[in-house]
Amino acid sequence: MPDNEPASVIRLEQPAWVQAWSQRPSAAADDRERLQEVLALAREHVVEHDGGGPFAAAVYRLDTGERLAVAVNTTIASHCSAAHAELQALSLAQQRLGSHTLEAAPCVLVSSSAPCTMCLGAIAWSGVRGLVFSTPRQDVEAIGFDEGPATPRWRQELQRRGIAVHGPLLRREGQLVLQLYLERGGPVYNPRRPQQPE
């Protein structure tokens, strides 16, 4: 498309290797095992594919254990600041079920990190029944990422909406993925900026 033509299509694609990874059967039976799968995906994203961030997420059905969708951050590759793993995993699961919400199927979102401010809003409206995460926002901010305006009562707000929150879980394993990304020189897009005086 020529630079001077307005864009009319939003296109977010998961890398081919993620699509292949998602075809692997999942034996995860609980939150810990599901999170281990997601952290393995995040680590592979960092080590094997030099991808766009140390973040991964997946949506699982709570009634059948089926893994509906997996995603990694593709912010840089897609030229889209909204291309976070959580947003894409939720969107793929909704499209797979043919609905704008996951309310009809009891689902849990499993993420390598606690949600940034943007993803928090998406989770609240997604229809999931639960959120499981590894590293809290301070771990992500410690390697330089900006997680957005602080939302101190985010857990209570999700729980008020019927979304159970479990984490940080396997925090050390999640921190190792973040540290590995930093050591390998992964780009810190949307870095933390100094606070401006009011």
Colleague: What are the two closest heavy atoms between Ser81 and Thr75, and how far apart are they?
Modeller: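 So the two residues come closest at CA-CG2, 3.9 Å.
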
Colleague: How about Val70 and Leu92: do any of their side-chain heavy atoms sit closer than 4.5 Å?
Modeller: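 No, every pair of side-chain atoms sits at 4.5 Å or beyond.
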
Colleague: Is it true that Glu157 and Arg160 have a side-chain N and a carboxylate O under 4.0 angstrom from each other?
Modeller: yes

Colleague: If you define the side chain from C-beta out and look only at heavy atoms, does anything of Arg43 sit under 4.5 Å from Glu173?
Modeller: no

Colleague: Just jot down the side-chain contact (heavy atoms from CB on, under 4.5 Å) partners of His166, sequence neighbours excluded, or say none.
Modeller: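 Once residues adjacent in sequence are excluded, the partners of His166 under the side-chain contact (heavy atoms from CB on, under 4.5 Å) criterion are Asp31, Val132, Leu169.
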
Colleague: Any side-chain heavy-atom pair from Tyr181 and Pro187 closer than 4.5 angstrom?
Modeller: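 They are in side-chain contact.
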
Colleague: Taking NZ, NE, NH1 and NH2 as the nitrogens, is one of them in Asp63 or Arg61 under 4.0 Å from a carboxylate oxygen of the other?
Modeller: yes

Colleague: Between Thr151 and Arg137, is any pair of side-chain heavy atoms under 4.5 Å apart?
Modeller: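 With C-beta onward as the side chain, the pair touches.
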
Colleague: Can you check whether Arg24's main-chain N or O pairs, donor with acceptor, with Arg67's side chain at less than 3.5 Å?
Modeller: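 At least one qualifying donor-acceptor pair exists.
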
Colleague: When you compare the side chains of Tyr60 and Glu37, does any donor N or O come within less than 3.5 Å of an acceptor on the partner?
Modeller: yes

Colleague: Mind checking whether Thr135 and Phe55 have side chains closer than 4.5 Å, heavy atoms only?
Modeller: no

Colleague: Less than 4.5 Å apart, side chain to side chain, heavy atoms only: is that true for Leu102 and Gln94?
Modeller: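 SC-SC contact between Leu102 and Gln94 confirmed.
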
Colleague: Quick one: does Gln14's side chain have a donor or acceptor within less than 3.5 Å of a partner on Val72's backbone?
Modeller: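 Such a contact is found between Gln14 side chain and Val72 backbone.
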
